[in-house]
Protein chains: 2
Amino acid sequence: MAAKRSNLTLDDRSRRLLKALVERFIHDAQPVGSRTLSRDSGLELSPATVRNVMSDLEEMGLVAAPHTSAGRVPTVKGYRLFIDTLLKVQPLSRVEVEQLRENLQTGEEFNPQSIISTASSLLSGITNMAGVVTLPRRDHSEIRHLEFVPLSEGRVLAILVFSDHEVQNRILHVEREYSPSELQQASNYLSSLFAGRGLMDVRQRLLGELSRTREDMNETMRAAVEMAGKVFSNSEEEDYVMAGQVNLMSFKELSDVDKLRQLFEAFTTKRDILHLLDQCVSADGVQIFIGEESGYKVLDECSVVTAPYEIDDHVVGVLGVIGPTRMAYDRVIPIVDVTARLLGAALNSRE
Amino acid sequence: MAAKRSNLTLDDRSRRLLKALVERFIHDAQPVGSRTLSRDSGLELSPATVRNVMSDLEEMGLVAAPHTSAGRVPTVKGYRLFIDTLLKVQPLSRVEVEQLRENLQTGEEFNPQSIISTASSLLSGITNMAGVVTLPRRDHSEIRHLEFVPLSEGRVLAILVFSDHEVQNRILHVEREYSPSELQQASNYLSSLFAGRGLMDVRQRLLGELSRTREDMNETMRAAVEMAGKVFSNSEEEDYVMAGQVNLMSFKELSDVDKLRQLFEAFTTKRDILHLLDQCVSADGVQIFIGEESGYKVLDECSVVTAPYEIDDHVVGVLGVIGPTRMAYDRVIPIVDVTARLLGAALNSRE
DNA sequence: CTTGGCACTCGGCCGGCGAGAGTGCTAATG
DNA sequence: CATTAGCACTCTCGCCGGCCGAGTGCCAAG
């Protein structure tokens, strides 16, 4: 008895029971009792025995009873153990993978923005939960083109084209008016200087260029460098695209309107969610936060499954799924995993 | 008696009572009874008399009783009458208007997109309901600049700058490769042709240009016209920006999670809402849909208050507020009205 | 260690009850 | 004849008690 309870050393029978319990609970969202468990655990055990085991599991903090005479429910710790050691992931079928790939390779319009948002929609659509994808960090994206267009009164529009066809517009404030031809020159000069280089590289190079504003540079070149400085100083703020929030309203664990409101507020505020997602870029593969583990109380009843995605072998962002703690991890995990890979591939494909 | 009931001819007393009832109900969301009404209608009437009047109003379909022994509640027809003939709008104070104006004139970054979304946030923030602003139609916006940037493999990036600093990017598919200088030429040619002209004007002109592809045009010019054709054929799809949906979750008339879900689905689908908003561009000033009047059953419990906004004396979009039928119309109406004017002004200000 | 048996404990589901709020009707009043 | 007071009636809501079913904990037997 004392031996069995010795931390984390769980005999096979208990583990199978826990597994059965979690699976059952995930399936029908109700506390599961000893009778049910003794039936479909696969083991030949009477309800009474199951009760004893349950009692042990409860003492270990793996399951909990909502009230005296309800069945048991997994705790966060229980889910954790389940996911880490008991879960058998269901790999996606070839067909499913192909469908995902097709949907992401929209063919015609190659537009990173829209690929990102289809990814988000796909995640939410397949899982019936909320999908989220952070916009890729562009530190390592190569620059294809830099162009300036004159606007009125000391404003210049800078257009930045990356090699993956992402286009960014920024408006600069400059001291004097520049003629179109001047801007043209500047644009040519900078494009030749930066084309094919990564953003981080460019920033560094620019720093050097700015410091030694040599006399052999003509006025236009100096202006060009200065404007470039403004363009690239703009550290872009992080952001994410979310889809399928409404799906979360169907779960009865979130039927409390007030809880729901707080959750949705967190989604629109974005700050906390971004923080959380940021933690996942460093992680190697799929990462899972169960309930309170995330550290944000609005997510107490939710789990978050994430995976980083890569462009050119650099991790540039994270995608994932947000849903109730009680989610089909065996399906969700591979979905998130595969989608991350496919998104990376899709964003790479026209290098 | 018969005389009193004669359609729509409501004696002064009944009207004041109806007014009091609606105001009271808007204020505290509960059916209001004869006792309360006789107290704060301002008239010296006993509850019994009030009851008689209520009975008449009910027969006319202006109020309804949720059940036998509850007070009365305004019907849609009742609200309509209230708004059309009884409501005394509360004009905004000078300070409030100034605050709105300041918030919209973000000074620094003049960016239509961000102005639109602050407008939406302001609407939702002040009213504690959901704010919505359609993106401006650009039919009459003047074009300031048109630029082409070569991308890989038969793709050209077209950049379209409007006089209000709105920038749009479109990717074109072209048959052959164009050299940067060719594109430069094309861009110059088209800019000179179109700069300062409205989009509709440009479209028309382009049609003529396309039809008579004369021999005196060189190859580059022909290509330019062709590409321009592609740029301007893209009829941009309509869209809107919404803010403060979460606010709607606090209203107890929308506390049913399922109703709420349908409402939010309509918000993300956008189609129906866009349809509804479209109907308001033609309207002259503030327009109000009460409950079922909108024709969309998800909005049955909601009212929508809208006003079109103008740039350069052309109506280009609509903004408004969505909330429960029971909203403080006397405040919301002027807010929507003023915001529409201010948004127009803000988008105009740097012609 | 496992199991069957048994008492016990909860939550959920009526059905009844009383209070409160508000109505409709009628008869009295100015 | 409109207004009012009075009164019976209706309906909601919250509360209590009882009952059922599900499930537990414990104990004693296998």
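To find a chain, count down the sequence lines: A is the first, B the second, and so on, and within it residues start at 1.
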Inset, instruction - Can you check each nucleotide of nucleotides 20-30 of chain D against protein heavy atoms at under 4.0 Å and return B for base, S for sugar-phosphate only, - for none, in 5' to 3' order? - result: --BBBB-----
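One atom, CG of B:Leu17, and another, P of D:dA2, lie 16 Å apart when rounded to the nearest Å. The interatomic distance linking B:Arg13 (CZ) with D:dA2 (C1') rounds to 8 Å, in whole Å. Rounded to whole Å, the distance from CG on B:Asp56 to C1' on D:dA2 is 12 Å. Computed from coordinates, the A:Leu43 CG to C:dT2 P distance equals 11 Å when rounded to whole Å. One interatomic measurement links the two molecules: CZ of B:Arg24 to P of C:dA21, which rounds to 13 Å at whole-angstrom precision.
A pairwise comparison of heavy atoms in A:Ser303 and A:Ile290 identifies OG-CA, 3.4 Å as the closest pair. Contact between A:Gly323 and A:Met129 at its shortest, heavy atoms only, is CA-SD, 3.6 Å.
For the pair A:Ile126/A:Leu100, a side-chain contact is recorded, criterion being any heavy-atom separation below 4.5 Å from C-beta on. Looking at heavy atoms from C-beta onward, B:Val133 lies out of side-chain contact with B:Tyr240 at the 4.5 angstrom threshold. Taking 4.5 Å as the limit, every side-chain heavy atom of B:Gln245 sits out of range of all side-chain heavy atoms of A:Phe264.
A donor-acceptor pair shorter than 3.5 Å cannot be found between the side chains of B:Ser55 and B:Glu58.
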